[in-house]
Every structure is written in C-alpha cells, then in structure tokens.
Amino acid sequence: MSGPIPAHIEPRKLVDREIVLEGTVAAAKMPRLSALLNAPAGDVQVKLAFARDEQGIPTLHGHYQAEVALICQRCLEQVVVPLDSQCDVGFVASDEAAKNLPKHYEPVIVDDEPLDLHALIEDELLLALPTVPMHPMETCEHPSGYRPAPAAAEEPAEKPNPFSVLASLKRDT
C-alpha cells in the first residue's frame, strides 16, 4: 500500500497479512518533533513492513527519511539535516514478554487498542536527531562579532616536581 500513512493501526492484523505500508506523514502532525525544529519540516517518507520473524514474533521493520531544519551549534545559523532512520520493533503483550525479546528488537506493548503509528514514527525521528547539529566544518561560518580566544602562553618546558622536597629529606637522613 502507498499513500498517506494511517494515524492508528491494529498491528496484529497487519502482521498476519504481512502488509507493507509505504507513503508519507506530514511532520506538522508530530508536535514534539516540530517543537525542536527551526523551520517547519516537509513530509516524512515512511516504509513499514509488518511480518513474523523466524521465531514467530510479530515485528515491524521501519525506515524513515526526512530533512529537518535545526540550529547549528557552531555558527548559530540554520542547518538542514537529513534524517535516515531504521528500526526493528517487536510487538508484545506485556512487560514480561518484552524482557524476553531478542536484543535487536525495540519492544512495543500492544493491547486491544489501536496503536498510534504517528507517535511511533515521531519517537524514531526524535531518536535520529543529532545531539549537536552542525554544518560541515568547511561550510560553517562564525557568527558576527566572533573573536577567537588569544593563544595561551606557552607553559615552561619543565615543571618542578612537587615531590623533590621529599627527595631532599630522604638524602639528609
């Protein structure tokens, strides 16, 4: 299926049918992500593949792509950062079942309620944001009024040893 990604799904049904959803989600529908951006983002390209793995665990493999505008922490100007994230989710019924999932799956607890798919996608995009967004070093410019710190005075070539006094006491005895 392609087109807009639905906001809510029933994961068990999609897993049983091995559905692949491919389409877009408007970044405007993701308030936590939008709050961190310097400018509104466009659509997020999403591909979601629902299936059961070799062990029969219901899973979701997701791939998310977007371009977001953040503030460069070096020059304080806007920088457009491409996000390209993937995740492997294992659907479980309880916390106990989540503990038994293979380590490469992120557990998502599902019950009889529909799963908020947009919130799941938003969580993955938030995790994909860089900790410190910056332009590449060769394209980054200093803000106006920037003055580099003066070079530190060279330290003496040899520092006195703080234990030299003890060495002289040892020789006196």
Side-chain angles (χ1 to χ4, degrees), residues 1-137 139-140 143:
M1 299 175 76
S2 65
I5 300 295
H8 294 88
I9 60 163
E10 294 184 28
R12 290 184 184 115
K13 290 182 180 179
L14 297 177
V15 166
D16 290 339
R17 295 180 189 154
E18 295 188 351
I19 298 292
V20 175
L21 298 175
E22 198 166 352
T24 60
V25 176
K29 293 182 179 180
M30 301 179 192
R32 294 176 294 149
L33 177 65
S34 296
L36 299 175
L37 303 180
N38 188 45
D43 290 342
V44 178
Q45 300 297 317
V46 178
K47 182 175 183 181
L48 306 170
F50 296 86
R52 289 192 184 275
D53 70 0
E54 311 83 43
Q55 300 173 339
I57 299 170
T59 64
L60 159 68
H61 176 75
H63 185 208
Y64 318 100
Q65 293 179 311
E67 288 193 349
V68 296
L70 300 167
I71 297 294
C72 173
Q73 297 302 298
R74 194 179 291 134
C75 68
L76 303 178
E77 295 295 325
Q78 180 173 300
V79 58
V80 177
V81 177
L83 299 181
D84 192 343
S85 175
Q86 294 188 28
C87 73
D88 286 310
V89 170
F91 296 113
V92 293
S94 66
D95 284 331
E96 191 61 38
K99 292 176 187 174
N100 297 325
L101 269 179
K103 298 287 183 214
H104 64 278
Y105 289 127
E106 296 178 38
V108 172
I109 298 174
V110 294
D111 50 18
D112 295 332
E113 299 292 318
L115 176 68
D116 186 348
L117 193 54
H118 289 179
L120 179 69
I121 294 167
E122 183 177 22
D123 289 343
E124 292 301 326
L125 290 172
L126 288 170
L127 291 171
L129 288 174
T131 307
V132 181
M134 290 186 281
H135 290 105
M137 186 63 120
T139 62
C140 198

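- Note that the CZ atom of Arg12 and the CZ atom of Arg17 stand 14.0 Å from one another [nearest 0.5 Å].
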Atom pairs and distances, side-chain donor-acceptor, residues 98-106, under 3.5 Å, sequence neighbours left out:
residue, atom, partner, partner atom, Å
Asn100, ND2, Glu96, O, 3.4
Tyr105, OH, Asp53, OD2, 2.8

Next on the checklist: Evaluate Val108 against Val92 for side-chain contact (heavy atoms from CB on, under 4.5 Å), listing each step before the verdict.
Outcome noted: CA-CA 6 Å; Val108 172; Val92 293; over 6 Å; no
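- Looking at Glu22, its side chain never comes within 3.5 Å of a backbone N or O of Val20 through a donor-acceptor pair.
- In this structure, CG in Leu117 is found 8.5 Å from CG in Leu14, a value given to the nearest 0.5 Å.
- Checked against side chain to side chain contact (heavy atoms under 4.5 Å, CB included), Thr131 has no partners two or more places apart in sequence or in another chain.
- Shown here are the salt bridge (charged side-chain N to carboxylate O under 4.0 Å, His left out) partners of Asp16, two or more places apart in sequence or in another chain: Arg52.
- In this structure, CD on Gln65 lies 12.5 Å from OG1 on Thr24, to the nearest 0.5 angstrom.
- For Pro6, the side chain to side chain contact (heavy atoms under 4.5 Å, CB included) partners two or more places apart in sequence, or in a different chain, are Ile9, Leu21.
- A search for side-chain hydrogen bond (donor to acceptor under 3.5 Å, both in side chains) contacts involving Tyr64 returns nothing, not counting sequence neighbours.
- For Glu67, the salt bridge (charged side-chain N to carboxylate O under 4.0 Å, His left out) test picks out no residue, with sequence neighbours left out.
- Judged by distance alone, the side chain of His8 and the main-chain N or O of His118 form no donor-acceptor pair under 3.5 Å.
- The side-chain hydrogen bond (donor to acceptor under 3.5 Å, both in side chains) search around His61 returns Gln86, Asp88, not counting sequence neighbours.
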Side-chain donor-acceptor contacts of residues 26-47 below 3.5 Å, not counting sequence neighbours, with atom names and distances?
residue, atom, partner, partner atom, Å
Arg32, NE, Glu122, OE1, 3.4
Arg32, NH1, Asp123, OD1, 2.9
Arg32, NH2, Glu122, OE1, 3.2
Arg32, NH2, Asp123, OD1, 2.6
Ser34, OG, Ala27, O, 3.1
Ser34, OG, Met30, O, 3.1
Asn38, ND2, Gln78, OE1, 2.8

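- With hydrogens and angles disregarded, a donor-acceptor distance shorter than 3.5 Å links the side chain of Thr59 to the backbone of Ala51.
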